[in-house]
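Proteins get letters first, then strands, A, B, ... in listed order; numbering begins at 1 in each. Hydrogens, waters and symmetry mates play no part in the numbers below; they use all other heavy atoms, side chains included.
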Protein chains: 2
Amino acid sequence: MKDPQHELLVDIRKQIVLHDVSTVSELSKITHVSFPTVKKMIDDMIEYGEVIEHGQHAPKGGRPAKSYRYNSTFRHCLTLYIEANEIHYRLIDCQNQIAEEGVSFVTGTHLETLGTLVDAFDQHTIKLGAISVGVAAAVDRGRIVFAPEYPSLAHLDLKNWLMDRTGLPVVIENDMNAAVYGFSKRDETSTHQSIVYLGLGKNGPGAGILVDGHVVRGQSGFSGEVSFLPLYDHASFYDRIKNKSYGPNVLKEEEIDAMGRLVATFAATLNPHAFIFSDVDLVLEDLPHINRACERYLPSRHIPVLHIGEWEEDYFSGLARLGIELMLETIQRGGV
Amino acid sequence: MKDPQHELLVDIRKQIVLHDVSTVSELSKITHVSFPTVKKMIDDMIEYGEVIEHGQHAPKGGRPAKSYRYNSTFRHCLTLYIEANEIHYRLIDCQNQIAEEGVSFVTGTHLETLGTLVDAFDQHTIKLGAISVGVAAAVDRGRIVFAPEYPSLAHLDLKNWLMDRTGLPVVIENDMNAAVYGFSKRDETSTHQSIVYLGLGKNGPGAGILVDGHVVRGQSGFSGEVSFLPLYDHASFYDRIKNKSYGPNVLKEEEIDAMGRLVATFAATLNPHAFIFSDVDLVLEDLPHINRACERYLPSRHIPVLHIGEWEEDYFSGLARLGIELMLETIQRGGV
DNA sequence: ATGACTTATTAAAATATTTTAAAAAGTAGA
DNA sequence: TCTACTTTTTAAAATATTTTAATAAGTCAT
């Protein structure tokens, strides 16, 4: 199962695609593998069209290095997320450039709609390398364990179902987890940070939690279920925000306090770098108020940075990242 | 810096010492390195006395395998923790067997006392491989960043100070982090779990947090500072437990509720497998009451398992594990 | 323009690792 | 006991990787 050559191949791919490393000697340093070995691998990849020579790298003193780039049309990735009545999808290349996007309306069950959608891409001229799926449900290793929005998916091993149907590698992720992961991958600095992403959602609030860059899943799939937090003598977090008017707007004082307490709760436990609210729920103007509310409970230097995230973009970014990583890990030598 | 041979050596050591793997073919499978390569390494280790041939492994069908064990007198590890007025220490072998233990009373500053203590082991006949230190302070990569109990250590890079003084590898860890790590390493099943370890302490409560087996440190060293949790309209967690009588005893109703809310807070955020209270603070009888209090806030299947930990043993176990791991990672080939 | 310096690439030699095949050492059943 | 089977160990051959040295291609200062 563990093939060191394949691991090196994947490592090189990821460095080229995900971190813009483009010369052999840089790759050699980063992967801790010698120059000749990396070069041989790159030559192979060029031979079957996975990598393309791209000219010169900006020289810094000596002989300029040849620069290589990944062939972004080599494989594409299908990313999609499932909502109550629609499935949003994007066909992207390995750089997250959109080749095609659209919405499929759910007719019949969610499963049927999903099936016909992915079947359409089998005929497609573009070659797929992976499928990445987001759901508003609890997921355990590709299996849907709790799905209030879509009964046809409940308790289904969606990952294997899709893998059998398409023959492609598949990753399934919860919506909040995908969003927080996507947010964290926007810039390199936040990649290994701890971040909380809050969405108020139609079925009650939920949070995606990242600790040192890793998604927290919890013992029983209950992580991030912040509704239940006992923040008041006789009221939970949910009690104080359940009447919030739908859509992005300025919060009421009571809601501000609840948000401040929520942020304080995370600060005094995980002490994360950043706390993200969604643009579907809040406006920028709310943040200083929440920060001030939080300062009532603990010293301000321990309060995470507050942000407004772009929900759909973050969600799609997370799915894209998960799908692309999976794709880069699973392409075999020679592109088989 | 990255030497694949050394990595294999460390991997083999850890498997033998930490996971009781004793035959070459098992090692070969686990490390994904071929039989001849592992065998060569083992032969080397036998040559300079790090590993000893130990007879036959119980055969299961074919030719019985030779069995090897680690020479537990090869190197020892000094573990110690610093309190307000004393330093407790244990000299252990790689199996955490105690060779010597004792208490040093603090005379002068903590730093002076620590210095004379470690100097004593330089003369010792037993060869040291690492030093592991626990402190009731916030630690950032070996540096003491906040230390209410010992002014002489404040802002000191204790790790480098000790490394310079002794020439040995050193690890410094916060007390709660060490304890939760030690608890998690007691049995293999909990190694990759998420666990919270609460201590009420003299300087207010604090928690050590493990997520999927990794210690959570936080953005500003504030992780686990549960004192500040806003759990009531006008009171924090600390407000409700600050008057608790010292020592292990049966909690009052008000304290029970605070503990229940604390557990619920973690359940609705990290959703950990276990929540550990210390035998210094609580008695076994308190646990069902806390569990019932927690059930007021969320469904019982999401509540972590509640335990009473043995504080000093867990603390020392964590230090031992950290020290032994460090020792196994840093011994050079040939035992130099 | 020339020479000193820097970095990248190529080629060859030296190491290290894996694979394959054969031998050794046991068990279990006829 | 003999044979078939299993697993470990050893030995030899085949691969893969790194190291070393040589060469190529640039910059920069004079």
C/dT10 phosphate, OP1 or OP2: any side-chain N/O from A/Lys39 under 4.0 angstrom?
yes

Between atom NZ in A/Lys29 and atom P in C/dT9, what is the gap in whole Å?
11 Å

Nearest listed nucleotide, side chain of A/Phe35, among D/dT9, C/dA8, D/dA11:
C/dA8

Would you mind reading off the distance between B/Asp43 atom CG and D/dA11 atom C1', rounded to a whole angstrom?
14 Å

Under 4.0 Å, heavy atoms only, any strand: does A/Ser25 hit a base, just the sugar-phosphate, or nothing?
sugar-phosphate

Length of the line joining A/Leu27:CG and D/dT17:C1', which is rounded to integer Å:
17 Å

Is there a donor-acceptor contact under 3.5 Å linking the side chains of B/Ser34 and B/Thr37?
yes

A/Glu7 CD to D/dT17 P, straight-line distance once rounded to whole Å:
12 Å

B/Pro64 has a side chain; which of C/dT18, C/dA25, D/dT17 sits nearest to it?
C/dA25

Side-chain H-bond candidate by donor/acceptor type, B/His6 with B/Glu329, under 3.5 Å:
no

Which part of the nucleic acid does B/Lys40 contact within heavy-atom distance under 4.0 Å: base, sugar-phosphate only, or nothing?
base

Can you check whether any acceptor in the base of D/dT7 is under 3.5 Å from a donor in the side chain of B/Arg63, or vice versa?
no

Would you call B/Glu50 and B/Arg75 a salt bridge, taking side-chain N to carboxylate O under 4.0 Å as the test?
no

Would you say B/Gln5 reaches C/dT15's phosphate, i.e. side-chain N/O to OP1/OP2 under 4.0 Å?
no

Between CD1 on residue B/Ile52 and OH on residue B/Tyr68, distance to nearest 0.5 Å:
12.5 Å

OP1 or OP2 of D/dT18 under 4.0 Å from side-chain N/O of A/Thr37:
yes

Do A/Met41 and A/Gln5 touch side chain to side chain, with heavy atoms closer than 4.5 Å?
yes

Integer-rounded Å distance: C/dT17 C1' and B/Ile42 CD1:
16 Å

In whole Å, what is the span from the NE2 atom of B/His32 to the P atom of C/dA16?
23 Å

Write down the distance between CD (A/Glu53) and C1' (C/dA8), rounded to a whole number of angstrom.
13 Å

Between D/dG26 atom P and A/Lys66 atom NZ, what is the distance in whole Å?
11 Å

